[in-house]
2 protein chains.
Amino acid sequence: MTTLAAVPTRERLVAVAMRLFWEKGYQSTSVADILRESGTNSGSLYHFFETKQDLLLGVLEQYRDGIEPLLLMPAWEGVADPIERIFALLGGYRRLLVESDFRFGCPIGNIALEIAEPDPALRERLVENFEAWTDAVEGCLRESGVLPADVDARAVARFALTTMEGGVMLARAYRDVTPFDDAVASFEAYLHALAR
Amino acid sequence: MTTLAAVPTRERLVAVAMRLFWEKGYQSTSVADILRESGTNSGSLYHFFETKQDLLLGVLEQYRDGIEPLLLMPAWEGVADPIERIFALLGGYRRLLVESDFRFGCPIGNIALEIAEPDPALRERLVENFEAWTDAVEGCLRESGVLPADVDARAVARFALTTMEGGVMLARAYRDVTPFDDAVASFEAYLHALAR
DNA sequence: GTCTATACCCTGATAGAC
DNA sequence: GTCTATCAGGGTATAGAC
């Protein structure tokens, strides 16, 4: 097993911040929390990151770079059909909701709404994450060939993201997966209607 | 014109907190901000509310009670057709996004994601707001009579909420109303597909 | 119900030796 | 790059007179 101490300090900080920002939110996580849970001293954190928000940027870059290997690849293992892959991806969020008793939703969506007026740099990182997610779904849609030529595949892919984010929000508030399931079922019906 | 001072203290506090929580977020609004902008002293606030979160509960109750008179009635003025009313409601959020340069989204959705692990009391207030919104849209759907009997009108209404919340989130992050418009257009297509 | 003053803690961030 | 110590400020909430 890899111990925390074996990981270089910067990566350790990003990994711990990633987890805490997800669990508690960005603003409710103190720098002291991150230092304690990562076994790091204040001086080291501020050696690598100018500010707490700078660390958040590092976390969002990590999410962006992890979409392919850490989100898509596990979700798509053993799923070859591109349309099924879209629902496997959505199913991953469902699983996360249920298994965490609705504590864990979408870490990017949380940040997007938690910070009322994000800096341009922060907003850019959020958009990069949303775009990478949308790219993946758009790729599935195109690969499937089910959409007529006059349908905007990117808009459909973005609607999948909208559905996921809205569904996760409601499921967490209700502590009930039904709103999420209903949203996914509706999206599926929408997709079928487009495909015919 | 009604001056601030003419309004009873409790209502004044709720009104100002409502605005600030929306503009800046709950956690980024300090009690001092609320006191300053409402022209109130600390002792008065804590006379009416035990804690800052208690004030948030008051704000959410106000939102809930205001859905009919302050959200639906203005949006539906001069709109008789129940299906058009659904899109008039969604159009209200669009207008808000654009006119505020994407600073104002859905105040309830913001709180729902800003607070990672809301107390049961807080969660209950969020749910009340989502339910009241869903009730209104479900009423429109039933009144319109466009849905076949085997379609779950409540699930469709909730999907409208999902669409709105997801669309607002993305539009704010992108600072571009396109994701919202695409989401609404997709929802409309979904509704048409159901209705036939 | 409202006023002033303030307790008391935790926040992000810094200093400077090693 | 890492360590300890600490700063300055702002956070929520309270005390107690009026």
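So you know, we letter chains A, B, ... as the sequences are listed, proteins then strands, and number each from 1. Values in this document were obtained by computation on a predicted structure and should not be read as measured data. All values below were derived from every heavy atom in this structure, side-chain atoms included, with hydrogens, water molecules and symmetry-related copies excluded.
In terms of heavy atoms, A:F102 sits closest to A:A171 at CD2-O, 3.6 Å. Closest non-hydrogen pair, A:A88 versus A:A75, comes out as CB-O, 3.5 Å. The shortest non-hydrogen separation linking B:K52 to B:T29 is NZ-O, 2.7 Å.
With respect to the salt-bridge test (charged N to carboxylate O, under 4.0 angstrom), the residues B:K24 and A:E117 do not qualify. Between A:E131 and A:R154, at least one side-chain nitrogen of the basic residue sits less than 4.0 Å from a carboxylate oxygen of the acidic one, meeting the salt-bridge criterion.
When the side-chain nitrogen and oxygen atoms of A:Y46 are compared with OP1 and OP2 of C:dA13, one or more of them lie within a distance under 4.0 Å.
Remark: C1' of D:dG11 and CG of B:L20 are 16 Å apart, rounded to the nearest angstrom. Taking atom CD of B:Q27 as the reference point, atom P of D:dT12 lies 10 Å away to the nearest angstrom. C:dT11 atom P lies 11 Å from atom CD1 of A:I34, rounded to whole Å. For the pair A:R36 CZ and C:dC10 C1', the computed distance is 12 Å after rounding to whole Å. As a whole-Å value, the separation of B:L45 CG from C:dC3 P is 12 Å. The distance between atom CG of A:L35 and atom C1' of D:dT4, rounded to the nearest whole Å, is 13 Å. To the nearest angstrom, P of D:dT4 lies 17 Å from NE2 of A:H47. With rounding to whole Å, B:E50 atom CD is found 17 Å from D:dT12 atom P.
For the pair B:G43 and A:K52, nearest-nucleotide mapping onto DNA chain C gives the more 5' position to B:G43. Take the nearest nucleotide of DNA chain C for A:Y26 and for B:N41: the residue whose nucleotide is more 5' is B:N41. Each of A:F48 and B:S30 lies near DNA chain D, and the nucleotide nearest A:F48 is the one positioned closer to the 5' end.
Residue contacts shown for A:T29 are limited to sugar-phosphate atoms, with no base heavy atom under 4.0 Å away.
For a distance-only test at 3.5 Å, the side chain of B:T9 fails to qualify as a donor-acceptor partner of the base of C:dT2. In the interface, the side chain of A:S42 is paired with the base of C:dT14 through a donor and an acceptor atom under 3.5 Å apart.
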